[in-house]
Amino acid sequence: MRSCVILALLLGVLALANGAFMLYAPSAWYFAVPGVTTTGPFNQHFIRDIGLVFLFLGAAFLIGAARPQYRVVCWGGSTVWLLGHALFHYWEVAVGICGPSAILRDFPAVSLPALLGLAITTCAALNPTKTATEGEYR
């Protein structure tokens with residue numbers, strides 16, 4: 001379980017950093033992230049909207065790491081969004097919007113977080129924690 005918590009902390013910090021970057025400097029984020037410029041013109045409002053999503057994802061991963069009784073909900077909810085995001089990227093390749101090279105290019109920032117989220121959510125679901133009234137936390 002310790003490795004799952006460490007992964008959740010990493011996912012949380014990275015999501016918060018990405019969200020903060022998107023909110024603070026959307027234009028810099030747009031040009032810094034590989035492949036983003038090929039998805040359409042710069043849209044400050046849209047980038048900041050998604051930046052807020054990443055702040056919520058990061059907070060949920062960190063809350064789950066700190067509060068064992070909320071892990072499945074926090075990590076699972078975040079993972080649902082990450083999986084949807086990853087599947088959308090695969091769909092874009094499947095219908096010809098992006099070339100197959102986009103899958104490899106996007107893997108570290110899109111698919112990998114979704115897979116890690118799925119792994120730690122599964123870990124939390126298979127290792128339930130006790131509530132404060134039932135005894136100590138694991």
Side-chain angles (χ1 to χ4, degrees):
M1 189 49 134
R2 182 175 169 86
S3 60
C4 291
V5 172
I6 291 169
L7 278 175
L9 290 170
L10 179 64
L11 286 169
V13 168
L14 291 174
L16 285 175
N18 186 50
F21 186 20
M22 294 173 87
L23 287 169
Y24 180 73
S27 180
W29 180 90
Y30 177 79
F31 290 105
V33 178
V36 171
T37 58
T38 65
T39 64
F42 172 74
N43 183 327
Q44 175 178 278
H45 179 94
F46 181 71
I47 292 170
R48 284 189 165 135
D49 281 348
I50 302 304
L52 289 171
V53 171
F54 274 96
L55 289 182
F56 286 120
L57 295 175
F61 280 121
L62 295 178
I63 290 167
R67 305 291 295 239
Q69 69 271 33
Y70 300 125
R71 284 182 180 152
V72 173
V73 171
C74 288
W75 297 350
S78 296
T79 299
V80 167
W81 190 88
L82 290 171
L83 286 168
H85 182 218
L87 289 173
F88 180 68
H89 278 244
Y90 283 92
W91 174 82
E92 286 185 316
V93 171
V95 299
I97 294 171
C98 298
S101 64
I103 292 172
L104 186 57
R105 179 197 66 214
D106 296 345
F107 186 83
V110 178
S111 298
L112 183 59
L115 293 172
L116 293 175
L118 187 59
I120 65 171
T121 301
T122 301
C123 180
L126 294 176
N127 296 287
T129 59
K130 297 178 181 181
T131 64
T133 58
E134 294 176 312
E136 64 184 55
Y137 296 112
R138 278 198 255 166

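Residue Leu62 is grouped with residue Leu7 when hydrophobic side chains (ILVMFWY) are merged at heavy-atom distances under 4.5 angstrom, including chains of intermediate members. In the hydrophobic cluster analysis, where Ile, Leu, Val, Met, Phe, Trp and Tyr join through side-chain heavy atoms closer than 4.5 angstrom, Val33 is grouped together with Trp81. By the criterion of side-chain heavy atoms lying less than 4.5 angstrom apart, applied directly or through intervening Ile, Leu, Val, Met, Phe, Trp or Tyr residues, Trp75 is grouped together with Phe54 in one hydrophobic cluster. Hydrophobic clustering (side-chain heavy atoms under 4.5 Å, transitive across Ile, Leu, Val, Met, Phe, Trp, Tyr) keeps Val80 apart from Leu87. Residues Phe31 and Ile50 fall within the same hydrophobic cluster, defined by Ile, Leu, Val, Met, Phe, Trp and Tyr side chains chained together at heavy-atom separations under 4.5 Å.
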Which is it for Leu126 and Met1 under the side chain to side chain contact (heavy atoms under 4.5 Å, CB included) test, yes or no, and what are the steps along the way?
-> CA-CA 10 Å; Leu126 294 176; Met1 189 49 134; over 6 Å; no
Go through Phe61 and Thr79 one step at a time and tell me if the side chain to side chain contact (heavy atoms under 4.5 Å, CB included) criterion holds.
-> CA-CA 9 Å; Phe61 280 121; Thr79 299; 4.2 Å; yes
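Taken to the nearest 0.5 Å, the SG atom of Cys123 stands 11.5 Å off from the CG atom of Leu118. If you take CG on Leu23 and CG on Leu52, they are separated by 5.0 Å, rounding to the nearest 0.5 Å. To the nearest 0.5 Å, atoms CD1 (Ile103) and CD (Glu92) are separated by 10.5 Å. With values rounded to the nearest 0.5 angstrom, Ile120 atom CD1 is found 10.0 Å from Ser3 atom OG. With rounding to the nearest 0.5 angstrom, the OG1 atom of Thr121 is 11.5 Å from the CZ atom of Arg71. If you take CG on Leu83 and CG on Leu115, they are separated by 7.5 Å, rounding to the nearest 0.5 Å.
Residue Val93 comes nearest to Pro100 through the heavy atom pair CG1-CA, 3.8 Å, listed as atom of the first residue, atom of the second, then distance. Summarising the geometry of Ile47 relative to Met22, their closest heavy-atom pair is O-CE, 3.5 Å, with the distance given to 0.1 Å. Scanning both residues, Pro113 and Pro108, for their nearest heavy atoms gives CD-O, 3.3 Å. The minimum heavy-atom distance between Cys74 and Ala60, with the atom names listed, is CB-O, 3.2 Å.
Sorted by first and then second residue, the side-chain hydrogen bond (donor to acceptor under 3.5 Å, both in side chains) pairs involving residues 24-33 (not counting sequence neighbours) are Asn18-Trp29. Listed by first and then second residue, the ring-ring contact (aromatic ring centres under 6.0 Å, His included) pairs involving residues 109-128 amount to none (not counting sequence neighbours).
Under a 4.5 Å side-chain heavy-atom cut-off, the cluster of Ile, Leu, Val, Met, Phe, Trp and Tyr residues that includes Leu14 is completed by Leu10. Other members of the cluster containing Phe88 are Trp91, Val95, Ile97, with ILVMFWY side chains joined at under 4.5 Å, either directly or via other members. Other residues sharing the hydrophobic cluster of Val72, ordered by chain and number and joined by side-chain separations under 4.5 Å: none, the residue standing alone.
Remark: of the listed residues Leu57, Leu11, Val73, Leu57 is the sole one forming a side chain to side chain contact (heavy atoms under 4.5 Å, CB included) with Ser78.
Among residues two or more places apart in sequence or in another chain, the ring-ring contact (aromatic ring centres under 6.0 Å, His included) test is passed with Tyr70 by none.
No more than 12 heavy atoms of other residues, nucleotides or ligands lie within 6.0 Å of CZ in Phe46, so this atom counts as exposed by the packing criterion. Dense packing is recorded around OH of Tyr90, with more than 12 heavy atoms of other residues, nucleotides or ligands lying under 6.0 Å away.
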